Amino acid sequence: MRAKIEELIGPEKTNDFYSAWLANHTRRIDVDSMAAWGFNSVRLAMHYKLFTPPIKEEPVKGEITWREEGFALTDSLLAWCTANRMYLILDLHAAPGGQGHDAAISDYDEGKPSLWESPENQRKTIALWRRLAERYKDEPWIGGYDIINEPNWGFQNPEDRNGCNEKGNEPLKKLLVEITQAIREVDQNHIIMIEGNCWGNNYSNMLPPWDDNMVISFHKYWNYNTQEAIQGMLDTRQTYNVPIWLGETGENSNHWFTEAIELFEQNRMGWAWWPLKKLGFNNPLEIELNEGYRQLLAYWRGEAPRPTEKEAYNALMQLAEATKLENCIYHKGVIDAMFRQVHSAEALPFKEHRIQPGSHIDAVDYDMGKQGIAYWDTDAANYYISTGGERQPWNRGRHYRNDGVDIALNEDGKGYHVAWIETGEWLQYTVTVDKPATYRLAIRVGTENPGGKLQLLVNDRPHGSAREIPVPAGPQQVGAVVYTALPLPAGTHRLRLVAEQGGFTLHSLQFLASKLPPPSPPKKRKKGAAN
């Protein structure tokens, strides 16, 4: 990635971009926000190059020099965590040379010796951990040392590239033991966390633990959230009387997040999420793309002309500025799914909807809550590891919210609508009425094919019969399904739109005045009256 950027803007301006990215990506406001949401720890993904140069760049061959940048960044993060009484867990995410064939994780370059192919890289890794432990040995808010993230390497069989069928794991265990010994020379206080091969999940021939203050960390992605899915790790915990920690998970839908955390906490297991922010919609914070960076991506894909140096530099610096928390899109539904929904079956309004004549609700602003409580969607999560099939999109449009509901960008690029609606899917809207009134409810819909059918439920009761979806004249045209004589007394009501037959898009709900009189308040029952 860095090479691609340098090719466009040169090394000096590339350094400007990376410095701005690091300065903006994680600041005190990020840690304060995480604490306010409910998190009690931060797992810091560290790249060794911030702490020490690659072996080929050492001024004196065979010696190890140190870069202050990584240590200073870690110090500042620790200070923010300490102020919030949050633990900081140090995770060597990219080790010298790269610890796995999955280069997007480890920054492994196939043209250079990996961590496993170079004694110099191994020596540098051991020295780095000793240096970190020496620096932080007396810090009470350091939660532990996650010493090598997601090793994935076939030691016995090179064709087993990610080590998922590895039976020996001797080089991995040997290095982990040596790192542990180096840490314990200077730090007897902190937990050491180890990860197995195959992205942290293959512990063959690696146990029992060799230290009495050790935690086994595994990672879990894209599989079912069942007891069976974690039973192997629970058995390991029982067999060796050692704590286990779900050190990394995420990259899925809100529904998956809630059911996963329910599973972990039922089994008394701590967890950490990946990541806090990125250029994507399924995390607490989303970094917005600018148009210049979109053009840059298109150029790298071979779909657009080469940008000028100025255009590329401006796009990258705008991206770095967009990483600041206050410039990110906050996905409150993700946080709600991870904390409140784990312990609550209640639906809450995503936005306040106070109803009076002329009120408008965007269809994408349905309630916030669990699948089956606030909405129902046929494909609510990605379980492709368990199913053995293709990756399963939950929100096919990849916009606005992270539930199973499919949300697409409007054709004009302004606003969103619910798309790809299938038979049986539904959305719920909690509304508040201050003054009783009777409305005509116009539900704006779109379709290019006949046969769609929509049903309106008010407080769980059908309001009239299901209505046929009108077929507009052309693509992207929107019509309306109108429900007349909709009485809404003062108070809170639940409106549910059910696709009796799918194949349409849903855009908005509009409450229009009706000539009918407002609904009467419910009669009070006389004291002593029979039920």
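Quick note: residue numbers are just sequence positions, from 1. Given the structure is predicted, the values throughout are model-derived calculations rather than measurements. Just so you know, these numbers use all the heavy atoms, side chains as well, and skip hydrogens, waters and symmetry mates.
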With a 3.5 Å cut-off and no angle check, do the side chains of [X] and [Y] form a donor-acceptor pair?
X	Y	answer
Asn267	Gln227	yes
Asn225	Lys220	yes
Asn202	Asn197	no
Thr378	Glu425	yes
Tyr429	Asp362	no
Gln318	Asn314	no

### Task
Quickly, which of Asn402, Asp377, Asp403 forms a side chain to side chain donor-acceptor pair (under 3.5 Å) with Trp394? Name it, please.
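Between Trp394 and the candidates, side chain to side chain donor-acceptor pair (under 3.5 Å) is satisfied uniquely by Asn402.
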Spatial distance of atom [atom1] ([X]) from atom [atom2] ([Y]) [nearest 0.5 Å]:
X	Y	atom1	atom2	value
Lys324	Asn24	NZ	CG	5.0 Å
Thr249	Phe218	OG1	CZ	8.5 Å
Leu285	Lys277	CG	NZ	5.5 Å
Leu276	Lys278	CG	NZ	12.0 Å
Trp141	Met86	CH2	CE	10.0 Å
Leu427	Leu506	CG	CG	6.5 Å

Look at the side chain of [X] and the backbone N and O of [Y], then say whether any donor-acceptor pair between them is shorter than 3.5 Å.
X	Y	answer
Thr26	Leu22	no
Ser344	Arg340	no
Gln99	Asn149	yes
Asn410	Lys414	yes

### Task
Could you tell me whether Arg161 and Glu166 have a side-chain N and a carboxylate O separated by less than 4.0 Å?
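Salt bridge between Arg161 and Glu166, a charged N being under 4.0 Å from a carboxylate O: no.
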#### Entry: NZ/NE/NH1/NH2 to OD/OE distance under 4.0 Å, Glu262 and Lys370
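Here Glu262 pairs with Lys370 in a salt bridge, since their nearest N and O are under 4.0 Å apart.
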Compare every heavy atom of [Y] with every heavy atom of [X], then report the nearest pair and how far apart it is.
X	Y	answer
Gly144	Met193	CA-CE, 4.4 Å
Glu286	Gly280	CG-O, 3.0 Å
Cys81	Val42	SG-CG2, 3.9 Å

### Message
My understanding is that only one of Leu509, Leu512, Thr484 makes a side-chain contact (heavy atoms from CB on, under 4.5 Å) with Leu441; could you say which?
### Response
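With Leu441 as partner, side-chain contact (heavy atoms from CB on, under 4.5 Å) holds for just one option, Leu509.
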Please find out if less than 6.0 Å separates the ring center of [X] from that of [Y].
X	Y	value
Phe257	Phe339	no
His219	Trp271	no
His101	Tyr108	yes
Trp37	Tyr330	yes

### Task
Just jot down the side-chain contact (heavy atoms from CB on, under 4.5 Å) partners of Arg294, sequence neighbours excluded, or say none.
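Partners of Arg294 by the side-chain contact (heavy atoms from CB on, under 4.5 Å) criterion, ordered by chain and then number, come out as Leu289, Glu291.
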### Task
With sequence neighbours left out, write down each residue that passes side chain to side chain donor-acceptor pair (under 3.5 Å) with Gln428, or none if nothing qualifies.
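Asp367, Arg496.
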Take atom [atom1] in [X]; do more than 12 heavy atoms of anything else shown fall under 6.0 Å from it?
X	atom1	result
Arg391	CZ	yes
Glu228	CD	no
Arg301	CZ	yes
Glu326	CD	yes
Tyr87	OH	no

Does the ring of [Y] carry [X] above it, NZ/CZ under 6.0 angstrom from centre and within 45° of its axis?
X	Y	answer
Arg467	Tyr483	yes
Lys332	Phe350	yes
Arg27	Trp80	no

### Task
Start with the C-alpha gap between Glu321 and Asn327, add the side-chain angles, then the distance that decides, and say whether side chain to side chain contact (heavy atoms under 4.5 Å, CB included) holds.
CA-CA 8 Å; Glu321 184 69 16; Asn327 296 331; 3.9 Å; yes
### Task
Check the pair Glu251, Asn282 against side chain to side chain contact (heavy atoms under 4.5 Å, CB included), reporting the backbone distance first and the verdict last.
CA-CA 6 Å; Glu251 300 285 1; Asn282 61 332; 3.7 Å; yes
### Query
Checking side chain to side chain contact (heavy atoms under 4.5 Å, CB included) for the pair Leu488/Val458: CA distance, chi angles, key distance, verdict?
CA-CA 9 Å; Leu488 293 177; Val458 181; 4.3 Å; yes
### Message
For a ring pair (Phe, Tyr, Trp, His ring centres under 6.0 Å) check, start with the C-alpha distance between His93 and Trp274, then their side-chain angles and the critical distance, and finish with the verdict.
### Response
CA-CA 12 Å; His93 215 77; Trp274 180 272; 4.8 Å; yes
#### Entry: Test side chain to side chain contact (heavy atoms under 4.5 Å, CB included) applied to Tyr400 and Asn395, step by step
CA-CA 9 Å; Tyr400 195 62; Asn395 176 352; 5.8 Å; no
### Task
Test His47 against Asp107 for side chain to side chain donor-acceptor pair (under 3.5 Å), laying out the working first.
CA-CA 9 Å; His47 197 304; Asp107 210 9; 2.7 Å; yes
### Query
Side chains of Asn84 and Asp32: closer than 4.5 Å at any heavy-atom pair?
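The answer is yes; the side chains approach within 4.5 Å.
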